[in-house]
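Right, one structure below, let's go through it.
Every heavy atom of this structure was used, including side-chain atoms; hydrogens, water molecules and symmetry mates were not.
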Amino acid sequence: PLAKYERAAVLLSEDRFQDALEELESLKEVAPREASVFFLMGRIYKKLNLPEEAMVNFSTALDLKPVSGDVNLIKSAIEKLHVPDDGEEDDL
C-alpha cells in the first residue's frame, strides 16, 4: 500500500491528477481507514478546482482520527480551500 501512496504522490507532483486519483481509489479498497489517502485526494480535488469533493475528502480524513500533527495539516487545508494553490506543499 505504501508504494501505491508514494506513486500517487509522484503523479500529483507531475500534475497527473487523474492517474493519481486512480491509484488512491484502488488504495482506498486496501486501506479504507487511512486518513492520509483521503487528505491527498482532497489536495488533488482542490487542484482540479472541485472544492466540494476536496471538502468531502478532507472531512473524511478528519473523521478517521489522524495523529494531532496531521489534524493541523488537514484543518489548514480546509481553511485554504478557496485560496489558489501557489506553492502549497502540505504533506501528510
Side-chain angles (χ1 to χ4, degrees):
L2 182 58
K4 279 190 171 294
Y5 182 84
E6 289 175 351
R7 179 169 158 49
V10 168
L11 291 168
L12 170 60
S13 71
E14 295 173 347
D15 293 340
R16 294 174 56 192
F17 304 126
Q18 282 308 127
D19 293 335
L21 283 173
E22 288 172 20
E23 283 293 324
L24 293 168
E25 285 293 341
S26 69
L27 183 55
K28 269 191 349 188
E29 294 174 19
V30 179
R33 302 204 41 83
E34 185 57 51
S36 59
V37 172
F38 290 94
F39 178 67
L40 190 56
M41 290 179 75
R43 288 184 51 212
I44 292 168
Y45 283 121
K46 180 182 179 195
K47 287 184 177 291
L48 291 171
N49 200 28
L50 297 168
E52 294 83 14
E53 287 84 351
M55 187 62 176
V56 166
N57 281 277
F58 290 149
S59 296
T60 301
L62 280 177
D63 289 345
L64 292 173
K65 311 258 188 286
V67 296
S68 62
D70 294 347
V71 168
N72 293 335
L73 279 177
I74 296 166
K75 287 182 176 179
S76 174
I78 290 171
E79 290 170 5
K80 297 176 185 173
L81 196 53
H82 297 287
V83 175
D85 274 340
D86 301 339
E88 248 183 64
E89 290 300 323
D90 294 331
D91 289 316
L92 264 188

Revision key, fill the gap. Rounded to the nearest 0.5 angstrom, the CG-CG distance for Asn57 and Leu40 is 9.5 Å
Practice item. Report yes if some heavy atom in the side chain of Met41 is under 4.5 Å from a heavy atom in the side chain of Glu53; otherwise report no. Key: no
Check your understanding: Going from CD on Glu34 to CG on Leu2, what distance comes out if it is rounded to the nearest 0.5 angstrom?
Key -> 9.5 Å
Under 3.5 Å, which donor-acceptor pairs do the side chains of residues 10-19 form with other protein atoms, sequence neighbours left out?
unit_1, atom_1, unit_2, atom_2, d
Ser13, OG, Val10, O, 2.6
Glu14, OE1, Arg16, NH1, 3.4
Arg16, NE, Asp19, OD2, 3.0
Arg16, NH2, Asp19, OD2, 3.0

**Study point:** Minimal non-hydrogen separation, Pro51 against Leu81, with atom names
**Key:** O-CD2, 3.7 Å
Point to revise | From His82 atom NE2 to Met55 atom CE, the distance as rounded to the nearest 0.5 Å | key: 8.0 Å
**Study point:** N/O donor-acceptor pair under 3.5 Å between Ser76 side chain and Asn72 backbone
**Key:** no
Review point. Roughly how far apart are Glu22 CD and Arg7 CZ, rounded to 0.5 Å?
Key: 9.5 Å
Review point. Roughly how far, to the nearest 0.5 Å, is the CG atom of Leu21 from the NZ atom of Lys28?
Key: 9.5 Å
Point to revise | Distance-minimising heavy-atom pair for Ala8 and Ala20 | key: O-CB, 3.5 Å
Review point. Do you know the tightest heavy-atom contact between Leu64 and Pro32?
Key: CD1-O, 4.1 Å
Point to revise | Closest non-hydrogen atom pair, Ala54 against Gly42 | key: CB-O, 3.3 Å
Practice item. Check the pair Phe58, Phe39 against ring pair (Phe, Tyr, Trp, His ring centres under 6.0 Å), reporting the backbone distance first and the verdict last. Key: CA-CA 5 Å; Phe58 290 149; Phe39 178 67; 5.7 Å; yes
Exercise for review: Nearest 0.5 Å please: distance from the CD1 atom of Ile74 over to the OG atom of Ser59.
Suggested key: 9.5 Å
Check your understanding: Under 4.5 Å between side-chain heavy atoms, hopping through other hydrophobics if needed: is there a path connecting Val37 to Leu50?
Key -> yes
Check your understanding: Side chains of Leu24 and Tyr5: closer than 4.5 Å at any heavy-atom pair?
Key -> yes
Review point. Is Lys46 reaching over with its side chain to a backbone N or O of Val83, donor-acceptor style, under 3.5 angstrom?
Key: yes
